[in-house]
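Everything below concerns the one structure shown next.
Model, not experiment: these values are computed from the prediction. Side-chain atoms are counted along with the backbone in the values below, which use heavy atoms only and exclude waters and symmetry mates. So that the names make sense, note that chain A is the first sequence line, chain B the second, and so on, each numbered from 1.
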Amino acid sequence: MIPNLLTWIVFFPLVGALLILAIPREQKNAIRSIAAGTSIITLILSILAWIGFDRSQSGMQFVESYSWINLGDFQIYYDLGVDGLSMPLLLLVTLITTLSITASFNIKERVKEYFTWILILMTGLLGVFVAQDLFLFFLFFELTLIPVFFLISIWGGKEREPASIKFLIYNGLGSAVMVMAFIALAYKAFEATAFSHATFNISALADIFSNPEVSGVLTDSLKAGIFLALLIAFAVKLPIIPLHTWLPNAYVEAPTGVSMMLAGVLSKMGAYGLLRISYGILPDQAVNFATFIAILGVVNILYGAFIALVQTDLKKLIAYSSISHLGIVLLGVASVTEAGIQGAVFQLVSHGFIVALLFFMVGAIYERTNTRTISELGGLSKSVPVLAGFMLAAAMASLGLPGLSGFVSELLAFIGIFGASAEIIPAARVIAVVGAIGIIFTAAYLLWAMQRTTFGKMDEKYLGLPDARPMEYIPMIGLLGLSLLIGVYPSILSDVINTTVIDIVSKIGG
Amino acid sequence: MIQNAWLIPVFPLIAFVVLLLFGRVLREKAAYVGITALALSFIFAVAVLFERIGGETYTFVVDWITFGESTVTMGYEVTPLNAMMLIVVTLVSLVVHIFSRDYMHEDDRIHVFYSYLGLFSFSMLGLVLAPNILQLFIFWELVGLCSFLLVGFWYYKPEAASAAKKAFLTTRVGDVGLLIGIVLLFNATGSFEYADAFAAVEAGLISDTMVTVIALCIFLGAVGKSAQFPLHVWLPDAMEGPTPVSALIHAATMVAAGVYLVGVMYPFFLASDTALTIVAYVGAITAIFAATIALVNHDIKRILAYSTISQLGFMMLALGTAGYVAGLFHLMTHAFFKALLFLGAGSVIYGVHHRQDIREMGGLWRRMKVTSVTFLIGALAIAGIFPLAGFWSKEEIFASVLANGDPFLFAIALITAFMTAFYMFRLFFKAFTGEFRGDHEPHENNGFMTLPLIVLGILAVVAGFVNAPFTGHALEGFLTEGIAVGEQAHGGFGLAVVSLLIAIGGIFLAWVIYGKRSISEDFLPGKFRAAHRLLMNKYFMDELYTVVFVRPCVGIGKALYAIDRFIVDGIVNLLAVVTRSVGSGLGKRQTGQFQTYGVVTIIGGIAVVALAFMLRGYFG
C-alpha cells in the first residue's frame, strides 16, 4: 500500500489547485481537465484505501501521526486515520466532488477561480473526515468555509450575496462555539489528569473522559455543557432546526455543482462530528441527550417535509427535503443501537448521492427552461424524456423506494429507533411512529412536484429542447448507479461500517 | 427445474432492460420481446408447480446486510402458495402481454409500455417468491412503483397524472403501517423470516398485545394495496391507466398482493383473534360498500374497479373467518375472471372507439361476438353461477363465514353477493343487449385481442374445479400441506343452493330492469334520491379526505413556512443587514464580498485568539 496514503488523498486536490493557478485563465479546457483529472486521481486513491481497509478491525487504520505545533504544554499533532465511520464518507467526498466537477463543466465565467476553490474545498472536506486531532479537525472544518463562501457569492444566483453572507455568519458562529467546546474538552482533560495529559487527540481525550479515576473533576453538568455546545456547533452544519435558515438560501443560490457539494457532503460534516467527537469523547452524554436528539430528529423530518410541501421553487423544495432527510440521521444516532447508527451512516452516504442527483437534475432542467418554478414546468417527460426519467428516478430514490439506497438507511434507522431501550428514550416507539409518518409526507411533496413537472401538459415553448448530453450521463448514471448498488447490495457498505459501529455502541452501552 | 425458479422473475426483468435500452429501435416489436419473456416464465412456472406438487421444495438465500450481530438474507423459496401464485401471475401477465400488442398498437410509446409491464411482472413474481417479509416488502414497493408508472402512462392527461400520484400516496399510507409492522416483528424476533415469526408466536415469545399490534400493522399494508376501506379511494381512479394494466395490476395480481400478504402471514394472524376479527370486518364492510357504489356507476371500467374492491373484501372476509383456503382460492378464480372482464371491457372500449360510458353502448352482442360471449362467461363466473369458477370459491367463503363468523357478517356476504350479480348484469344488459346508442359503429377485434379472452374464458369456467368436492378439494390439500392454518370449513348442498339462488335473483332483477325493462331504470334512483346521490358521489370519500387531510396539511405547511421565513430567519436576516451596512460604511464599496470576508476573518480570528489566550493565559 502507498505510504502516507491519507495525506496523499487529502492534499492531492491542493496540488491540483496549485497547478491550475499556474495555467493562464484563457485555457479553460485545460483547467477543466486538470480539475477533473485531480479529482479522479484522488478518487482512485480513496478507492485504494477502501479496498485496503480491513473490515474486521474497529480502530483507526492508515494512521499517520507527526508532532506538529507547540502550544505551551500542548502539542498539536498531525494525526490522520480512518475507521468504518470515516471510510465511507471519505469515498463519498471523492465521488461527489468528481461528479460535481463533471457537472460544472458548463461554468463559463472565471473558470480558473471556480475550480481552484472547488479543489480547496475538497481538501478541506477530506481533511475533516480523516483528522484525529481536534485542532487539525478545526482547521479543515474552517478550510471548507471560505471556498463555499466565494463559490456562492461569485457564481451564485440572483440573491447570492445575502445567501453567502448568511452562510458565513451562521457557520462562522458555529465554528466559534465548536472551538470553545474543543478548548474546554482539552483543557478540562488536562486539568483532570493533574496536568499530565495535554492532548487534542480524539481517542486520547475519549480515554481520559471515560477513565473513572479522573471523573471526579469532570462533573456531569460540565460534560453536558460541552456536549450541548458541540451539538449546537454541529447542528448548524447538519442542519438541525432552528439553526437551519442559512441552508435554503445557500442551496438555492449556489451553482449546481456547489449545491451538489453542499448538500451531498458538507452537511455530512455535522453528523460526522456528532458521532466522532460528541459520541466518541462523551458517550455517557449521548445517552442523556438521546431523547432530546430523537425529538429534534422528528421535528426535522416533519418540519422540513411540511415546508417542502408548499414550495413553488423546485430547488427550494429539495433544500427543505434535505433538512427532512437528515432528521432520519438524528433518529438513528439517537437510538444508540447498532442498527440505528449504521442506518445514520447509510443515510449520510445515501442522501449524499440522492440529493446530489436531485440538484443536478434541477440544474440541468433550469439550464434548458430558465425556470425552477414548479408551475411553469410540466410535461418534461415529453420535451426531455431522459432528463425527466432520471428526475423521477431521483425522486423515487429520495422517497425511499426499495432497491435504492434511501430505503436501506430508513429501514435501519427505524429498526434502531423502534428498538431503542426504554431507559434511554422513554417513548421511543411514539417518536418512531411520528417519524415514520414523515415517510408519507416525503412521498407527498415529491410526487406532487413530479406530477406538476415531469407529468402533465407540456408548454409549447419547451418543444424541441435538447435532451441529456453525453457529459450529463456521467453524473446521472454515476449517482443513480451508486444509489442502486447500495440499495440492492447493502453489504458492500455495511461490511465496512459494522465493526466500528459495534465498537461505538459498546462504548456508549458500557 | 425448481432450483431454477429464480429465472421466472428474471425473464421479464431481462425484457425490461432490453426494452429500456433498445425500445426506441424496436418500437412495436417490443411486444414480442415481452410476450416471449412471459411465455418462458409461464412454462417455468408450470414446471415448478408440477415439481412442487410432486413434493419437491427448494430454498436459496444469500447475505444481504449485517448490522450488529444480525444478518439479513435474501433469496427465494417455493411453497405451495407461491407455486400457485406463480401460475396465476405468469398466466395473466402473458395474456395481457398478448392482448396489449393490438390494444396499444397506436401508441408511439408502446415500447415504454412493454418495458413497464416487464418491470411489473418481475416485481410481482419477486414478491411472490420472497422467503421473508422484508424481501416481500421490497418487491411490494416496486409493484407500487410500476402501478404508479402505468396509471400515469398517459402522463399528459392531468387525470392520469393525478391518479398516479393518488395511487402511490394512498398505498403509501398502508405501506408505512406495514413497514412499522415489519420493524416491530424484527425487534420482537430478531428475524424477518416467515418461519421464525411463526415459531416465535407458537413458542409464546411475543406478547399477545404485540402479536395483535404487529398483525394489524401488517394488515394496514394489505388494506392499502388491496384497496380495502378506507384506503380504497385510489383504485377507481387508477382506471385512468391503459385497460390491460387495469386487468393485470389493478384486478388480477397486484391488488391481490394484500390478500396474499395476509395469507403468507396467516399463522401469525391466527394467533390474534382481535386481528382476525378486524380483518373480517374490514373485508365485509369493503365488500358491501364498494358493491353499492358499483350499482349506480356508468363507467364500464369503474364498475369493474368497484367490483374488484368488493371481491377483495370478500377474500379478506374469508381470511378473517379462518377461511385460509377459501380466501386464496377466490384470489385465484377472481384473478382469471376479473382479468377476463377487464380485457373484455378493453375489447369493448377499443371496439366502440374509446368510449367507456355504458349509456353510450348497447347492442354489442351481435357486433362483437367473441367479446360478448366471453364477457358473459366472466359475468356469470363472478356472479357465482354453477359450475363456473366463482361459484366454487364464493361458496367456500360463505361456508367459512357461516362456520366462524357471526350472522351479521354472513348477512353482509349474502347481500353483497346479490348486489354483485345485479350490477354485473346491469352492466351486461346495458352494454351488450338492446340497441346500440353510440355514434361510431362498433367492430370485433382480431386474434391478438380475442385469443386472451378465449383462454381466460375457459379458465373462468374450469378454474374452480381444482377445489370442488368432486376433485376432493385438491387445492386445499395442496395449500394446507405443512402449514398450521386450522380446519377449513365446507358448505353442504344447502348452502350451494342458497348461494346459487341469490346469484340468480340478482341477475333476474337486473334483467327485469335493464333487459326486459319492465321497471324503468329511473324508478329506483327516483325513489331513493338521497341514497342515489350518495352512491353517485362515492359516499363523498374523496371530498372528505381533501377537507380532513389534504387541506390541513397544506395549511400547516404554509404556516410553518411563514414562521420559518419571518420569525426563525428574520432574526438572522437582521444580522446580515446590519453587517452589510457596517461593511459598506467602512468606505471601500467593493462588491460586498470583501466586507463579508472581513466577518469570517473576525470570527476565525476570535476563535484563534481565544484558543491562544486560554492556553497562554494559563501557562504564561
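- Interface remark: B:Leu179 contributes side-chain atoms only to the contact with chain A (heavy atom separation under 4.5 Å).
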Q. Between B:Phe139 and B:Phe122, is a ring pair (Phe, Tyr, Trp, His ring centres under 6.0 Å) present by the stated rule, with each step listed?
A. CA-CA 9 Å; B:Phe139 286 101; B:Phe122 158 71; 5.6 Å; yes
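- Looking at A:Thr454, only its backbone comes within 4.5 Å of chain B, counting heavy atoms on both sides.
- Taking the six-membered ring for Trp and the full ring otherwise, the centers of A:Phe149 and A:Phe167 sit at least 6.0 Å from each other.
- Looking at B:Ala164, the atoms closer than 4.5 Å to chain A (heavy atoms on both sides) all sit in the side chain, from C-beta outward.
- Interface summary for chain A: among B:Trp154, B:Phe168, B:Trp140, B:Phe186, the most heavy-atom pairs under 4.5 angstrom belong to B:Phe168.
- Proximity of the aromatic rings of B:Phe120 and B:Phe113 is defined here by a centroid distance below 6.0 angstrom, and this criterion is not met.
- A ring-centre distance under 6.0 Å is not found for A:Tyr303 and B:Tyr561.
- Heavy atoms of A:Leu412 lying under 4.5 Å from chain B belong exclusively to its side chain.
- Side chains of A:Leu302 and A:Phe441 form a contact here, defined as non-hydrogen atoms less than 4.5 Å apart.
- Under the 4.5 Å side-chain criterion, counting only non-hydrogen atoms from C-beta, A:Phe346 is in contact with B:Ile65.
- Interface residue A:Met396: only side-chain heavy atoms are found under 4.5 Å from chain B.
- Note on B:Phe148, B:Phe67, B:Tyr156: by heavy-atom pairs under 4.5 Å with chain A, the leading option is B:Phe67.
- Both the backbone and the side chain of A:Leu399 come within less than 4.5 Å of a heavy atom in chain B.
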Q.
Is there a side-chain hydrogen bond (donor to acceptor under 3.5 Å, both in side chains) between A:Glu159 and A:Asn249? Walk through the geometry before answering.
A. CA-CA 8 Å; A:Glu159 297 289 314; A:Asn249 302 64; over 6 Å; no
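- Both the backbone and the side chain of A:Trp448 come within contact range of chain B, with heavy atoms under 4.5 Å apart.
- Proximity to chain A involves both the backbone and the side chain of B:Ser162, based on heavy atoms less than 4.5 angstrom apart.
- Note: A:Phe135 and A:Phe182 fail the aromatic proximity criterion, with ring centroids not under 6.0 Å apart.
- Interface remark: A:Val488 contributes backbone atoms only to the contact with chain B (heavy atom separation under 4.5 Å).
- The contact between B:Val554 and chain A is made by backbone and side chain atoms together, counting heavy-atom distances below 4.5 Å.
- Interface remark: B:Leu149 contributes side-chain atoms only to the contact with chain A (heavy atom separation under 4.5 Å).
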